[in-house]
Amino acid sequence: MNTPLPPPLEGQQTATTGPQDAEQATPEQAVCEPKGVAEGVPTAVLPDPHRGDGRYPVAWLHIVAPRGAVPTATSKCLCGRDRSAIGHSKVHALIADHEAHRDTCPLRTPQEGRTAA
């Protein structure tokens, strides 16, 4: 006994029993959206709506203090400063030094009008 074939999926043609002539496909014409673009997705690159206020980061303080482990910290600045510390007391000292660097960094404070030391 033969089992019946399941119905064809949507968009598929049913199988034929005999040979048939090949059908010529007509080229599809593009209407407005490129093929493969999801509906509602813009195709053009739009300008960034988040405009900056002219500020940008100059110095970074990165602290890693996992529970029960030795803390570490790094202090980096665009002026070339790059320091690191390992251990509780040294990390606290580096944090204080990083805060003090804000007042002495040549990128944050203008050098014009300052007398030479």
Side-chain angles (χ1 to χ4, degrees):
M1 195 184 328
N2 291 342
T3 58
L5 295 174
L9 297 175
E10 184 178 325
Q12 291 184 345
Q13 297 178 354
T14 57
T16 57
T17 57
Q20 295 185 355
D21 294 335
E23 298 178 15
Q24 291 186 350
T26 57
E28 295 182 20
Q29 295 180 355
V31 178
C32 66
E33 291 293 329
K35 186 174 182 177
V37 175
E39 184 177 333
V41 177
T43 56
V45 177
L46 302 175
D48 187 14
H50 306 289
R51 296 189 181 212
D53 57 359
R55 299 183 299 172
Y56 57 95
V58 174
W60 296 265
L61 178 64
H62 181 76
I63 303 169
V64 179
R67 183 177 299 262
V70 179
T72 60
T74 57
S75 173
K76 294 184 180 184
C77 184
L78 290 178
C79 70
R81 173 188 163 98
D82 187 3
R83 299 190 179 166
S84 62
I86 300 172
H88 291 282
S89 60
K90 291 182 180 181
V91 166
H92 285 290
L94 182 63
I95 292 169
D97 187 47
H98 181 83
E99 290 176 355
H101 179 70
R102 293 178 186 170
D103 298 329
T104 60
C105 179
L107 297 177
R108 290 181 49 101
T109 56
Q111 298 297 318
E112 297 176 15
R114 185 179 272 198
T115 57

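Nearest heavy-atom pair, Ser84 versus Thr74, reported as atom, atom and distance to 0.1 Å: CB-CG2, 3.9 Å. When every heavy atom of Ala73 is checked against every heavy atom of Leu94, the shortest pair comes out as O-CD2, 3.6 Å.
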Test log, rule side chain to side chain contact (heavy atoms under 4.5 Å, CB included), inputs Ile63 and His98: CA-CA 12 Å; Ile63 303 169; His98 181 83; over 6 Å; no
Audit row: His101, Ser75, side chain to side chain contact (heavy atoms under 4.5 Å, CB included) steps and yes/no: CA-CA 10 Å; His101 179 70; Ser75 173; 6.0 Å; no
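Hydrophobic clustering (ILVMFWY, side-chain heavy atoms < 4.5 Å, transitive): Val64 and Trp60 are in distinct clusters.
Rounded to the nearest 0.5 Å, atoms CZ (Arg83) and SG (Cys77) are 10.5 Å apart. From Arg81, atom CZ reaches atom CG of Asp97 across 4.0 Å, with rounding to the nearest 0.5 Å.
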